[in-house]
Amino acid sequence: MSKNILADLLAWVRTAAGLSMVIAIVVAIAATIHSGPYLLVNTVVTGGMLALVATGLTLMLGVLNIPMFAHGEYFMIGSLTAYYIFTPISEFILEHPESWLVTFGPLLAIIGALLGGAIAGAISEKLVFGPLRRRSTDNWVMNSFLLTVGLSVLLINLHQLIFGADFKGIIGYWQGMPISIAGAYISLDRALAFIISAVIVVLFYLFMTYTRTGMAIRAVSQDITGAEIVGIDIEKIVLLTISLACALAAVSGGSLLFMIPSYPSVGLEPLYMAWFVVILSGLGNILGAVAGAFMVALLKVITVEYVGAGWDFVVPSALIMLILIFKPSGIFGSDVRGVLDK
Amino acid sequence: MDTIKNELQMNSFDRVLDKLCLTPIGLAGLILLLILPFIPPFNQEYLLRWLIYCGFIAAMSVGFDFTAGFINIVNFGYMAVAGTGGYTSALLVLNAGLSPWIAMAAGGVSSAILGLIIGMISLRLRGIFAACLSWFFGLAVMGLAIKMVWLTRGPLGLRTPRLFETESNFPFYFLIIILVYLTYLVCKWVVRSKMGLAFQAIGQNMDAARTSGIDPVFYRVFNFTMSCAIAGVLGGFYAHFYGILTPDMMHTSKTVEVLAVAYIGGRGSLWGGAVIAFPFIFLMEIVRSTLSHLPGLNLVIYALVLILVMIYYPGGFSYFYDTHIRKPKNKALRYVLNGRDV
């Protein structure tokens, strides 16, 4: 019995997924020993945020076949909502330091970001994706991609037009002593941001796996006609999927407001990174996206540490291109066909 | 047989026009563009500067459409490729003392090499994956341009000598009009030959194309190389017109500008983007300069137009022209719109 598991494990390690995960873990441990545990902390916090954005992106791609270019803008919407909810709250806290809002105010802001993202997603489905779906005849992937490009430019510039181009940031969510783990000091905000993203990813996974609605979403992603035949309301599922995906990006933006202030094009970097993750891990694979998110975060943190700040686009994109050349379907596999495959 | 007879019936004017890939109305438009800087409101230097920018985007959109409209792969790093050409050209002028004209050609060659590489490594990918790969490539190239400060002076930008030793914009305007036309002509010649058929076949259905004996490897790589070479030469023009070259030029948002013009103009037409760029970009510049207290408004309009076109009229302007304007009852009018042979 145990021997069997060991053999299975060895076989898994030899696949691309296992190999890359083992390499990632080894590199993470080596780098941590070399430069200190803050590296691991950074990786985990960035990875948690990236996992949220990337699962949203994966969901859009898997279920609706929309290669979302505007996903970073929902990140921006989330951080903006959180900023405008939290600013009055923090002023209130300054006057009443004993109020219950000291603990729960930030949570309120983050939940507000979640709702803001969900509503924004639903509105964009009603106004933009719905009409395109009803009118589109062929070339859906490309058309919807270009549509999201337009949406991205629109949202960035609406932000600039209405709220201005300046940085809208806060000092921090929770004031408190940093937690010390194995010699590394982690601020309360970072720790809680990671916990929030971990809880949401787990809840999302459970939702997709065990609830009826989650199953319906997966059914639509596998075969839309079949799903329609068994009586799934496609329109409803599509609306739910889009607002869910956007809410995931927005909650990530909201909970990271203390690190990344909100400004018009704040969403571009999470977008690039999330696309790295999605391409790296293959499409429509939620667990793969989570694992890929931590790998890309590790790659980014290590690049910043050892090569220098500003190289964090060059090295990861070069590495991902290499991976794409040798394994075009991503390391966690999905069906992609190229010119050279017969 | 029919075509030979038609050609015999054509007089020499029509034959020349046909060789130049122009219809009478196209010729009239070209002449209008050439005399435009002498017509009063447009003979001011700042308006001419805008027109030159229109011309640059027009030529870029023709080159972009050569890939996007025919083999159906969006080269999302197109401006980065153009920027590579621009940087090569600028560095050759500054460090090796070459004349800007030769350096522009060298920029074209360097971009062609880049295009060859992108074409080769994207062979295993299709559709949106190839677009992502070229996008990552563009990001990496932009990151390199920012970080190789010893060579490119990073975000400070390079001061480049201008192509003509005058303060006036007139010669630049005529040069860019010639470049727009040449780009169109070269692309159209290729597309008219057997190669164009092969491109379209690959873009529409790769497997069917392969079955009919088309080798997609050669055609895809050739297409990428050629469109990137065009981008390189135009990038050289950009560098030696503005006199300053920053990595900003390679940004994805610039590619989005070219992409929007190409798609609003109509994919697969080559001339659509070139025709639409002049009024469209010019209007955007007017909006930007007159409503400067509302920054970003021009891009909001821009994005809205792109979204509306994508939803309600994905064929763009050229499709509109082909279905509604091109076939009038009047014979003389039809000659003006179509030339002799239709």
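Every chain is numbered from 1 and lettered A, B, ... according to where its sequence line falls, protein lines coming before strand lines.
Both the backbone and the side chain of B:Ile307 come within contact range of chain A, each with at least one heavy atom under 4.5 Å from a heavy atom of that chain. Neither the backbone nor the side chain of B:Tyr302 has a heavy atom closer than 4.5 Å to any heavy atom of chain A. For A:Leu322, no part lies under 4.5 angstrom from a heavy atom of chain B. With a 4.5 Å cut-off on non-hydrogen atoms, B:Tyr313 does not touch chain A at all. Neither the backbone nor the side chain of B:Leu308 comes within less than 4.5 Å of any heavy atom in chain A.
Contact record, A:Leu132 with B:Met310: CD1-O, 3.6 Å, taken as the closest heavy-atom pair. Smallest separation of non-hydrogen atoms from A:Leu147 and B:Ile311: CD1-CG1, 3.7 Å.
Atom CZ of B:Phe282 sits in a crowded spot, with more than 12 heavy atoms from other residues, nucleotides or ligands closer than 6.0 Å.
Note: A:Phe69 and B:Trp135 have tilted aromatic rings, judged against thresholds of 30 and 60 degrees for the angle between ring planes.
Within the structure, salt bridge (charged side-chain N to carboxylate O under 4.0 Å, His left out) pairs that include any residue of residues 139-167 of chain A comprise A:Asp166-A:Lys168 (at least two apart or interchain).
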Below 3.5 Å, can you tabulate the donor-acceptor pairs from side chains in residues 49-56 of chain A to any protein atom, sequence neighbours excluded?
{"unit_1": "A:Thr55", "atom_1": "OG1", "unit_2": "A:Ala51", "atom_2": "O", "d": "2.7"}
{"unit_1": "A:Thr55", "atom_1": "OG1", "unit_2": "A:Leu52", "atom_2": "O", "d": "2.9"}

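Note that CG of B:Leu139 is 12.5 Å distant from CH2 of A:Trp275, once rounded to the nearest 0.5 Å. Rounded to the nearest 0.5 Å, atoms CG (A:Asn143) and OH (B:Tyr263) are 8.0 Å apart. Interatomic distance, SG of B:Cys132 versus OH of A:Tyr272, reported as 12.0 Å (0.5 Å rounding).
Using non-hydrogen atoms only and a strict 4.5 Å limit, the part of residues 148-162 of chain A facing chain B consists of A:Val149, A:Gly150, A:Leu151, A:Val153, A:Leu154, A:Asn157, A:Leu158, A:Gln160, A:Leu161.
Residues that satisfy the side-chain hydrogen bond (donor to acceptor under 3.5 Å, both in side chains) test with B:Ser253, not counting sequence neighbours, are B:His251.
With chain A as partner, the option from B:Leu306, B:Val300, B:Leu297 having the largest number of non-hydrogen pairs under 4.5 angstrom is B:Val300.
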